[in-house]
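To start, the structure itself, in structure tokens.
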Amino acid sequence: RSRRQQEEVHRAQREQEEEEWRRAQEVEAARREDAKRAAQQALVILEEEAQEQAQVAEEQAERARAQRAADEAKRVCEMEAAAEQLQKRVSPLPRSSRRVEVKYCN
């Protein structure tokens, strides 16, 4: 081969390698963009799930507070009823002098 032909072959090979390198860079850039979009979508989903979990936790806390309040009200009513029974045992009144009271506890 002549020197000129060898230079042409080398130049063509270099151009082909450069083109392959550019295509590989474009493919890699597209892959990175896809990965970035997927990560952003995953982040949005995770944020939505975290908000849902926070709402569920708040609802559970509210139910627990309501249950504690109901339990406390029941305990107070039971204590009042027990105190009333004890009072009746300690100082029974004649039937005619007993007062009728409106009860708010069940």
Side-chain angles (χ1 to χ4, degrees):
R1 288 186 193 172
S2 74
R3 182 176 167 94
R4 184 178 178 126
Q5 287 175 327
Q6 287 179 342
E7 287 175 359
E8 276 296 313
V9 168
H10 284 297
R11 186 183 61 72
Q13 287 175 338
R14 270 195 321 272
E15 287 176 358
Q16 182 179 358
E17 289 171 357
E18 288 173 359
E19 182 59 29
E20 288 173 358
W21 182 83
R22 276 193 297 275
R23 278 185 287 194
Q25 292 300 309
E26 290 171 359
V27 167
E28 180 62 21
R31 187 196 64 75
R32 282 194 302 268
E33 282 300 314
D34 289 346
K36 183 178 175 181
R37 275 193 297 277
Q40 288 171 335
Q41 289 173 344
L43 182 60
V44 168
I45 290 169
L46 289 174
E47 287 172 346
E48 289 172 352
E49 288 175 354
Q51 288 175 351
E52 289 172 6
Q53 289 175 353
Q55 184 176 355
V56 166
E58 180 58 36
E59 290 168 357
Q60 289 173 340
E62 183 60 35
R63 282 195 296 275
R65 284 190 291 271
Q67 184 62 50
R68 284 193 301 272
D71 292 346
E72 178 65 15
K74 180 180 177 186
R75 191 177 68 77
V76 167
C77 286
E78 289 170 350
M79 287 175 53
E80 288 175 355
E84 186 177 309
Q85 289 298 316
L86 183 60
Q87 182 64 33
K88 285 180 184 175
R89 279 191 241 136
V90 170
S91 59
L93 297 173
R95 204 167 259 249
S96 61
S97 63
R98 289 188 189 156
R99 289 179 284 152
V100 175
E101 295 180 22
V102 177
K103 295 292 179 188
Y104 294 101
C105 296
N106 294 334

Ionic contact status for Glu26 with Arg22, cut-off 4.0 Å: no
Just to verify, what does Glu58 make a salt bridge (Lys or Arg N to Asp or Glu O under 4.0 Å) with, not counting sequence neighbours? Arg65
Pairwise side-chain contact, Glu19 with Arg23, heavy-atom cut-off 4.5 Å (strictly under): yes
Among all residues two or more places apart in sequence or in another chain, which pass the side chain to side chain contact (heavy atoms under 4.5 Å, CB included) test with Glu49? Ile45, Leu46
Sub-4.5 Å side-chain heavy-atom contact between Val44 and Gln40: no
For Glu15, which residues count as a side-chain hydrogen bond (donor to acceptor under 3.5 Å, both in side chains) partner, sequence neighbours excluded? Arg11
Glu72: salt bridge (Lys or Arg N to Asp or Glu O under 4.0 Å) partners, not counting sequence neighbours: Arg75
I'd like to know whether Glu8 forms a salt bridge (charged side-chain N to carboxylate O under 4.0 Å, His left out) with Arg4, so could you lay out the CA-CA distance, the side-chain angles of the two residues, the decisive distance to 0.1 Å, and finally the verdict. CA-CA 6 Å; Glu8 276 296 313; Arg4 184 178 178 126; 5.8 Å; no
Residues that Gln67 engages under side-chain hydrogen bond (donor to acceptor under 3.5 Å, both in side chains), provided they are two or more places apart: Asp71
Distance in Å, Glu18 CD paired with Gln25 CD, rounded so as to fall on 0.5 Å steps: 12.5 Å
Are Glu84 and Lys88 close enough for a salt bridge, meaning some N to O gap below 4.0 Å? yes
Could you pull out all residues at least two apart from Glu33 that satisfy side-chain hydrogen bond (donor to acceptor under 3.5 Å, both in side chains)? none
Pick from Glu52, Gln51, Glu59: which one makes a side-chain contact (heavy atoms from CB on, under 4.5 Å) with Gln55? Glu59
Taking it one step at a time, do Asp34 and Arg31 satisfy salt bridge (charged side-chain N to carboxylate O under 4.0 Å, His left out)? CA-CA 5 Å; Asp34 289 346; Arg31 187 196 64 75; over 6 Å; no
Between Glu17 and Arg14, does any side-chain N to carboxylate O distance fall below 4.0 Å? no
